Student: 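After the structure tokens below, expect a handful of questions from me.
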2 protein chains.
Amino acid sequence: MKILVTGGAGFIGTNLCNELRSRGHEVIACDLYNTDRDDYIRCDVGKSRQIEKVFEQYGPFDYVYHLAAEYGRWNGEAYYENLWQTNMIGTKHMIRMQEKEKFRMIFFSSAEVYGDYAGEMTEAVMEENRIKDTYQMNDFAISKWAGELSCLNSANMFGTETVRVRPVNCYGPHEEYTPYRGFIPKFIFHALHGKPYTVFKGHKRIIDYVEDTCRTFANICENFKPGEVYNVGGRSEWEMDISEYSNLILGTVGVSESLVTYKESEPFTTKVKKMDFSKAVRDLKHDPKIDPKEGIKRAVEWMKWFYRL
Amino acid sequence: MKILVTGGAGFIGTNLCNELRSRGHEVIACDLYNTDRDDYIRCDVGKSRQIEKVFEQYGPFDYVYHLAAEYGRWNGEAYYENLWQTNMIGTKHMIRMQEKEKFRMIFFSSAEVYGDYAGEMTEAVMEENRIKDTYQMNDFAISKWAGELSCLNSANMFGTETVRVRPVNCYGPHEEYTPYRGFIPKFIFHALHGKPYTVFKGHKRIIDYVEDTCRTFANICENFKPGEVYNVGGRSEWEMDISEYSNLILGTVGVSESLVTYKESEPFTTKVKKMDFSKAVRDLKHDPKIDPKEGIKRAVEWMKWFYRL
């Protein structure tokens, strides 16, 4: 299969390209910057001409994994121009291309679309539940939900075939640290550099090791059901309080808790995210194998290597 | 009161400035283009620097009516880059300015946010109902709902004070014709120019004369309830089939039905929009006076004057 991965030099994108290539697919990656990679072309999906160039040079594609996005709540609030340009206008460019070229698309949404939903997040929640229970709480979340709706409208109007995925707390190798990253890379980076960090109390999360996730994402081509949407994340029995993850990281890195300041729960942030992944298990053979202890060990190793520590 | 009207040279904006000025308010208008108007400054709300210039030159403001937007379903699908830049990034620029400057804002959403909702559209529908019943069906609608959510999030996080309004089928003087306008200006323009047009059968609508609407919009400053949202439109007893509006227009202009091609119902378009305006009646003294017959007469007169017919 010939596959394009937008955002292919990013965290999930890099891992996904590795997984798809290991299965023998012909994979082209594109991302914002020039890189030293093979089978790669620079393309800002917010610029339609650059997308056209990718298709002229490498198309047609059977599948497009559309990962390119400005990521993260606070990043989206600070750099909302970039967020909307890439996440929404860029996605619309991809959809218009899809209407013409007829490839199948996998659109990467986010568990953030569920907003502050208090119950167990099944995919059906975003169809059946009371709207106000899932008001998205930041522009990143809003942009991802807007992208999902645009995919659905294109399917209705033009018969495009898209599967949407909603990853949650994916972590692991190839995730470089920025202040806008999730809590796992933040804690690891800070612990490795002896820098203090803050842990907000009372937030429970399930984390998902990226190689597990990417196996599941790669399986989508093998059982592609247009119109479907899947939560993808770790095992519910792996759920821990964020402070427990912090302790695990401190232990793995071998530094003391004195780096950590504990604060009461973070405002405007969901306390507990309880998600249901049974649909991905059923349709996509979703089967996370690497538990947080092992995954964090590997993530720490990767960061030590990457930052030459 | 000192008031800024973004999109102030547009259809509703022009009428709203007239109404606000007639009440003695100090009104500054801004819009995309240079014009011959007084108390006006060119500003593309998608460009933060241009907004800053408006505030430096004319601020501070007590109220901002944020009307500037790319309008219309098919316009939004054809020119989605402009849509998202103006409607979303532009709105976010205004919200960020509001967080700093603390003016009260009136955000112009649209009845399109209700999607294809089949029941009576009360404001509570967008809080209480099943999400899937109100999936927005095009990017214009999605962008307006996204804008509403951003206003709500800013109110929660920064205490900004905003009232949202959802106008529906507003028509009348100062609405210039483009192919992306609503059915009333389209039918009038075509009838006046002897050009054929299409009427899709089986769509019922209530139309609202712009001067009635703008009186209600102007009343918002006089009873401002932060966080509220209002449907604003005509009287339910004025509801008619689109073909009846067409007949009324043909009669007013004095041309024959032979201009019209009748087609089965338009795809991807709500058949009946049944809306509840009682909240605007209660809080904003909403009181539409000009019925469709009289309103269409005035709209026809205006177009004849504007197009020198």
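These figures come from a predicted structure and were not determined experimentally. Here is the naming used below: chain letters follow the sequence lines, and residue numbers restart at 1 for every chain. Side-chain atoms are counted along with the backbone in the values below, which use heavy atoms only and exclude waters and symmetry mates.
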Student: Please check if atom OH in A:Tyr58 has more than 12 non-hydrogen atoms from other residues, nucleotides or ligands closer than 6.0 Å.
Tutor: yes

Student: Given heavy-atom pairs under 4.5 angstrom as the criterion, report whether the side chain, backbone, both or neither of A:Leu83 touches chain B.
Tutor: neither

Student: Please list, one pair per line, the donor and acceptor atoms closer than 3.5 Å that link side chains of residues 124-131 of chain A to other protein atoms, with sequence neighbours excluded.
Tutor:
{"from": "A:Glu128", "atom 1": "OE1", "to": "B:Arg130", "atom 2": "NE", "distance (Å)": "2.7"}
{"from": "A:Glu128", "atom 1": "OE1", "to": "B:Arg130", "atom 2": "NH2", "distance (Å)": "3.2"}
{"from": "A:Glu128", "atom 1": "OE2", "to": "B:Arg130", "atom 2": "NH2", "distance (Å)": "3.1"}
{"from": "A:Asn129", "atom 1": "ND2", "to": "A:Tyr117", "atom 2": "OH", "distance (Å)": "2.9"}
{"from": "A:Arg130", "atom 1": "NE", "to": "B:Glu128", "atom 2": "OE1", "distance (Å)": "2.7"}
{"from": "A:Arg130", "atom 1": "NH1", "to": "A:Asp133", "atom 2": "OD1", "distance (Å)": "2.7"}
{"from": "A:Arg130", "atom 1": "NH2", "to": "B:Glu128", "atom 2": "OE1", "distance (Å)": "3.3"}
{"from": "A:Arg130", "atom 1": "NH2", "to": "B:Glu128", "atom 2": "OE2", "distance (Å)": "3.2"}

Student: Among A:Lys92, A:Gln136, A:Glu81, which residue forms the greatest number of heavy-atom pairs with chain B at distances under 4.5 Å?
Tutor: A:Lys92

Student: Identify, with sequence neighbours excluded, every residue that meets salt bridge (Lys or Arg N to Asp or Glu O under 4.0 Å) alongside B:Arg96.
Tutor: A:Glu77, B:Glu99

Student: Can you name the residues of residues 159-167 of chain A that have some heavy atom under 4.5 Å away from a heavy atom in chain B?
Tutor: none

Student: Is it the side chain or the backbone of A:Ile142 that comes within 4.5 Å of chain B heavy atoms, both, or neither?
Tutor: side chain

Student: For atom OH of A:Tyr180, decide whether the heavy atoms of other residues, nucleotides or ligands shown that lie under 6.0 angstrom number more than 12.
Tutor: yes

Student: Would you give the length of the straight line joining atom OG of A:Ser154 to atom CG of B:Asn138, rounded to the nearest 0.5 angstrom?
Tutor: 13.0 Å

Student: Say you draw a straight line from OH of B:Tyr80 to CD1 of A:Ile89; how long is it, rounded to the nearest 0.5 Å?
Tutor: 8.5 Å

Student: For B:Lys274, does the NZ atom sit with more than 12 other heavy atoms under 6.0 Å from it, leaving out its own atoms?
Tutor: no

Student: Would you mind telling me which of B:Ser143, B:Ser48, B:Ser150 has the largest number of heavy-atom pairs within less than 4.5 Å of chain A?
Tutor: B:Ser150

Student: Using 0.5 Å steps for rounding, measure from the CH2 atom of B:Trp145 to the CH2 atom of A:Trp145.
Tutor: 12.0 Å

Student: Could you go through A:Gln85 and B:Gln85, starting from their C-alpha distance and side-chain angles, then the distance that decides it, and tell me whether this counts as side chain to side chain contact (heavy atoms under 4.5 Å, CB included)?
Tutor: CA-CA 8 Å; A:Gln85 184 69 39; B:Gln85 183 69 38; 3.8 Å; yes

Student: With A:Lys47, which residues qualify under salt bridge (Lys or Arg N to Asp or Glu O under 4.0 Å), at least two apart?
Tutor: A:Asp44

Student: Is it the side chain or the backbone of A:Met88 that comes within 4.5 Å of chain B heavy atoms, both, or neither?
Tutor: side chain

Student: Parallel under 30°, tilted from 30 to 60°, perpendicular over 60°: which one fits the rings of B:Trp84 and A:Trp84?
Tutor: parallel

Student: Roughly how far, to the nearest 0.5 Å, is the CG atom of A:Asp139 from the CG atom of B:Asn153?
Tutor: 7.5 Å

Student: Using the rule given for side chain to side chain contact (heavy atoms under 4.5 Å, CB included), can you reason through B:Met157 versus A:Met137, listing the C-alpha separation, both sets of side-chain angles and the distance that settles it, and then say yes or no?
Tutor: CA-CA 10 Å; B:Met157 298 177 79; A:Met137 296 166 78; over 6 Å; no

Student: Does A:Lys53, at its NZ atom, have more than 12 non-hydrogen atoms belonging to other residues, nucleotides or ligands within less than 6.0 Å?
Tutor: no

